[in-house]
Amino acid sequence: MERILTLHADQGDQPRLAVARERGAYDGLRKALGLTRHQIIAEVTASGLRGRGGAGFPTGRKWDFIRPQPGQPVYLLCNADESEPGTFKDRYLMERDPHLVLEGLCIAAYAIGAHDVFVYLRGEYASVGSILAAALAEAGEAGILGATLLDSPYELRINLQLGAGAYICGEETGLISSLEGKRGYPRVRPPFPAVHGFGQQPTVVNNVETLANLPWIILHGGEAFATLGTERSTGTKLISVCGAVNRPGVYEVEMGYPLRDFLAREAGGILDGRALKALIPGGTSVPILTAREAEDVTLDFESMQHAGTMLGSGGMIVFDQTVAMPGALATIANFYAHESCGECTPCREGTGWFAWIIARVLAGEGRPNDLEQLLRICANVEGRTICGLGDAAVQPVRSFITKFRAEFEALLPADQDTRPDWQRHGHGPRAARHGPLGQEAAWAEPVAGPSSARL
Amino acid sequence: MPLITIDDQPIEVETGTLIIQAADRLGIEVPRFCYHPDLRPEGNCRMCLVEVQGYPRPTVACTTPVVDGMVVRTPHAGDQARRAVRGVLEFLLINHPLDCPICDQAGECSLQDFYMHPDYGLHRSQVDPQEKVRKRKAIDLGPMIVLDSERCVLCSRCVRFSAEVTGTAELQFVNRGNQVELKAFEDRALTDPYAGNLADICPVGALTSKDFRFKRRVWHLARTDSICAGCSTGCNLRIDHFQGTIERLVPRRNPAVNQSWLCDEGRMSFHALGAAPRLTKPRAQGTGDAVNWDDAVATAHGGLHAIRRPGQPSRLAALASTSATNETLLLFWRYVSETFTAPLLDCRLGQEDRWVDEREDTLLRRRDKHPNTRGALLLGLAADPAGGLRPMVAQAQAGAIDAALILYYPPLVGAEDPATLEALATLVRAVPFSVVLTTHEGEWGRNATLALPIAAWSEEEGTYTNYAGVVQYAGKAVAPPGEARAAAAVLGGLLGQAGRYPGGSTVQARFDELAAAVPAYAGLTIAGLASRQASVYPPEGRLPYGQEGFAGH
């Protein structure tokens, strides 16, 4: 298999500039500087490269949206916030082949005409930041990306900015807000960042892995890239697998590689010879697959979508027979409740409500209609939020309950009364429905009619 | 201009109009929390979700401009929109405290009103009160505002107001998720002079007025549209009162004058009316006793009239007030100019004609703390460049004045100027005969021959002309105390004593006379003024607060 991203990552000393250069680092950049911006964008479009952060948006098309007015600055933001649970592949790249990432950054910046690049790195990756900063410094001293790129007159300033521990700052516009010094609140779109982004200027946000593909694409051509993988998912993908496997880690596979083979070979099989129970293919924000469903899918965007889930970030989490799904869902639900930024109502309240209900079910205090309640809340959150975190929180709740319902139902008490506690215990309108003489209290039912009924 | 339909009703609007604005113009109530016509749209509450044909998901009406041919359904007429809004409302209520019985917002609360709406409210709660997230309550944020962060629905109107309108950025959200709380930095008191508006724009009881706290349930309040009499800007407001007592002032929206805002001084200006004892009966000097009105007016005119000498300028000092209504000033001018010959006639205590335009800040306040200086100037009450109170005093001290007619209202904003009071007292003492029309007891008027009690700003209807020449109608909210009467009526009485026709006694008739007398007012009528200017909401139709044009929207 052609290794695009991990060719040198496991060879020691790759972070050192001299070593990396011997192995071809920045050759792609040198070639790119001899091309025009439009040629580079054409090459990337021909490659079929799609965003590797999770959304899978075609990179060439995203770059093509950038149409600045004369004199308007363009910004390239590198999304190194990697916070999708189960995902650690960007870290792998930045730690082991930082110059590959930096080279990709430079090519992208040149292609869209950005002279200022910000790498937004999640705060928890401070040690990774040290490696990146060292690589930047080395490359700067060597004149590769000091004030200008290599021998060209193209000015480029790369800034490293650490986050402070918020998943929502990995959301495109949340990242932009945070970088501007504000609370990491996402923004209503339209307008999109390509038109009004960082500082209200045209902005592209690209994932680390996406950028790391660019040197190879420039050196070998977009068409060559497109021969790898499948028709709609070209090239390779980094999969970071964890959970009940013998060899958790980061692996590069060609798009279209059967998941079954990946588990058996690269991941070394299920831990301790146990049976596979379920698997989340691309970060907790995508629906879970049962073992049966996981048998036939391949690792690419289309196949996953066809199976009712998504390739996402490629953060694979593997569950074996010993895992109790309600507990796993509780952990996941708590994550989203903790990370919801709070800006918009459905996500803010919905994720909190998910967490309460699931906790209550786990504690044996669930109500008989709790599962319906959870699914109803899913329907009220999905599609009604400012950003994707609301949808992301919904996917695990809905897929776990739908596909492993029996495990949840086993935790619910047999009691048939579906009313909330306070209604069962004699407080509230239902209990007060009857007056002291047992007559129906007419006011106990809500009045359906014009809201001009004032006291 | 794009043509769209909302709930099967067509409307044509300017390009760039938001869906929610188009719906408002049609009188279709799209529920909302975070949208406010005078703040930048944010789209975070998700309450204004509507269906747009061809769009896969519900659309936020307050951030989406209309596109020609759009077919929109609001929760009143669309199932998808109804379900979406029901869901959002239910989410908002799961952590909202059960404070209605003790919350001042009750009766004008968006949450209450939306919940009671049959189209998207009235769901059965699925949440135990014990589960609700608890936050801090009753936080003192200074002289104007109390914060209850548990009631907050995080609409961010106050955050945006504080950032965009006052530029003070005193309020911000802290924490994340359903733990987000509204907070002032270190709970410091809000010091900007527009903090009172926060209670208006807060759709729930999170930010409430400290001055109004626990005073009165809002459904007991009677409401009268009026104009602020605190300075020459003439902000539009509404006087909320109960059985003769003013309980609070709230802004009315007028994009041309005050947007949706009032300054704190103007908002609190009604307190000045009760600061000192009111003059409640006509009083004659010497006896110190009260006299009845008929005798008072007769004596007043008699004494003033007696100073006339045929063929010679009348030695009368007639001081009108730039705080009086246009109708009052018209009658003052008529009485003085028709009865006397070339008297000293002016309206200025100081240099109001210079101050009337001067800003005091970049938002609303102006240096001239009188509501009708422009009106007085347009009536010609400052025609003599060398005129005004101080020149009158000088002349009186030189023995050149035989009588004084003084109309004086203490300012509602700021302290009374001691120098002005001293000048007034001197004038009164220096003339043999003086008639004083004023609202409050005051040392300066103690020696006046006759002191006639008049109605204050909120007790008399009439028009005021702001610094820019916008003529605005102010209604009468409460009755004047005791035997005090509207100054216009008193001056009409004096005109009657002078054998002149005092004109129609209704404000309509007086304004028509005014429009005939002042070229700048030609063609205006009271009815045209009294109808709301540039109101976002039409006169018909239910509003969340049940109050048209309430600037809290």
Side-chain angles (χ1 to χ4, degrees), chain A residues 166-168 182-190 336-353 355-357 360 367 369-370 373 376-377 379-386 390 418-423 427-430 445-455, chain B residues 33-34 41-47 49 56-58 60 62-64 83-84 86-95 106-107 112-119 121-131 133 153-156 172-181 217 219 542 544 546:
Chain A
Y167 174 58
I168 193 64
K182 301 170 181 146
R183 279 168 68 82
Y185 271 6
R187 297 170 183 186
V188 170
R189 283 149 286 186
Y336 290 104
H338 187 249
E339 295 293 339
S340 170
C341 75
E343 183 178 19
C344 71
T345 308
C347 172
R348 176 182 73 236
E349 307 294 347
T351 55
W353 206 356
W356 294 344
I357 295 179
R360 155 168 100 217
R367 297 170 199 156
N369 68 340
D370 267 346
Q373 196 76 287
R376 192 175 66 87
I377 298 168
N380 278 336
V381 172
E382 199 174 31
R384 300 187 188 158
T385 54
I386 294 181
T418 63
R419 294 176 301 169
D421 289 330
W422 61 271
Q423 279 186 348
H427 306 293
R430 222 184 266 254
E445 286 299 332
V447 176
S451 71
S452 56
R454 298 259 180 271
L455 292 172
Chain B
F33 287 97
C34 70
E42 190 134 297
N44 63 327
C45 74
R46 319 307 278 182
M47 197 65 187
L49 291 172
R57 304 200 289 199
V60 168
C62 73
T63 56
T64 309
R83 280 198 302 273
R86 272 194 90 121
V88 173
L89 187 60
E90 182 177 7
F91 282 139
L92 280 170
L93 284 165
I94 64 174
N95 284 315
Q112 279 188 341
D113 292 329
F114 295 153
Y115 179 76
M116 292 310 294
H117 200 292
D119 284 341
L122 301 172
H123 65 269
R124 285 226 169 254
S125 168
Q126 300 295 312
V127 170
D128 192 323
Q130 297 307 312
E131 293 179 299
V133 173
V153 291
L154 303 169
C155 71
S156 78
Q172 183 53 284
F173 291 134
V174 298
N175 299 338
R176 212 160 63 190
N178 64 9
Q179 306 297 316
V180 172
E181 256 189 66
R217 279 311 200 183
W219 53 84
R542 272 192 335 268

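Residue numbering restarts at 1 for every chain, and letters A, B, ... go by the order of the sequence lines.
With hydrogens and angles ignored, the 3.5 Å screen pairs a side-chain donor or acceptor of Thr64(B) with a backbone N or O of Val60(B). A donor-acceptor pair is defined here as one N or O able to donate and one able to accept, closer than 3.5 Å; such a pair exists between the side chain of Gln126(B) and the backbone of Arg124(B). A donor-acceptor pair under 3.5 Å links the side-chain atoms of Asn44(B) to the main chain of Leu154(B), judged by distance alone.
With respect to chain A, the highest number of heavy-atom pairs below 4.5 Å among Val180(B), Val153(B), Ile94(B) belongs to Ile94(B). Between chain B and the residues Asn380(A), Thr345(A), Ile377(A), the largest count of heavy-atom pairs under 4.5 Å involves Thr345(A). Residue with the most contacts toward chain A among Ala106(B), Gly121(B), Ala84(B): Ala84(B) (heavy-atom pairs, distance under 4.5 Å). The greatest number of non-hydrogen atom pairs below 4.5 Å with chain B, out of Cys341(A), Gly342(A), Gly352(A), Cys344(A), is found for Cys341(A). Heavy-atom pairs under 4.5 Å with chain B peak, among Val381(A), Ile357(A), Thr385(A), Ile168(A), at Thr385(A).
Only the backbone of Asn175(B) comes within contact range of chain A, judged by heavy atoms closer than 4.5 Å. Contact annotation for Leu92(B): both backbone and side-chain heavy atoms come within less than 4.5 Å of a heavy atom of chain A. When heavy atoms are compared at a cutoff of 4.5 Å, Ala379(A) does not approach chain B at all. In this structure, the portions of Phe173(B) lying under 4.5 Å from any heavy atom of chain A include both its backbone and its side chain. Neither the backbone nor the side chain of Gln130(B) comes within contact range of chain A; no heavy atom of the residue lies under 4.5 Å from a heavy atom of that chain.
Scored by the side chain to side chain donor-acceptor pair (under 3.5 Å) test, Arg376(A) finds Gln373(A), Glu90(B) as partners (sequence neighbours excluded). Thr63(B) pairs by the side chain to side chain donor-acceptor pair (under 3.5 Å) definition with nothing, not counting sequence neighbours. For His338(A), there are no ring-ring contact (aromatic ring centres under 6.0 Å, His included) partners two or more places apart in sequence or in a different chain.
Using a cut-off of 4.0 Å between Lys/Arg side-chain N and Asp/Glu carboxylate O, Glu339(A) and Arg176(B) are scored as salt-bridged.
At a threshold of 4.5 Å between non-hydrogen side-chain atoms, the residues Leu93(B) and His123(B) count as touching. Trp356(A) has its side chain within reach of Val133(B): a pair of non-hydrogen atoms, C-beta onward, lies under 4.5 Å apart. Looking at heavy atoms from C-beta onward, Asn95(B) lies out of side-chain contact with Arg348(A) at the 4.5 angstrom threshold.
Contacts from residues 182-190 of chain A to chain B, taken as heavy-atom pairs separated by less than 4.5 Å, involve Arg183(A), Tyr185(A), Val188(A) in sequence order.
Here the straight-line distance linking atom OG of Ser156(B) with atom CD of Gln172(B) works out to 9.0 Å at 0.5 Å rounding.
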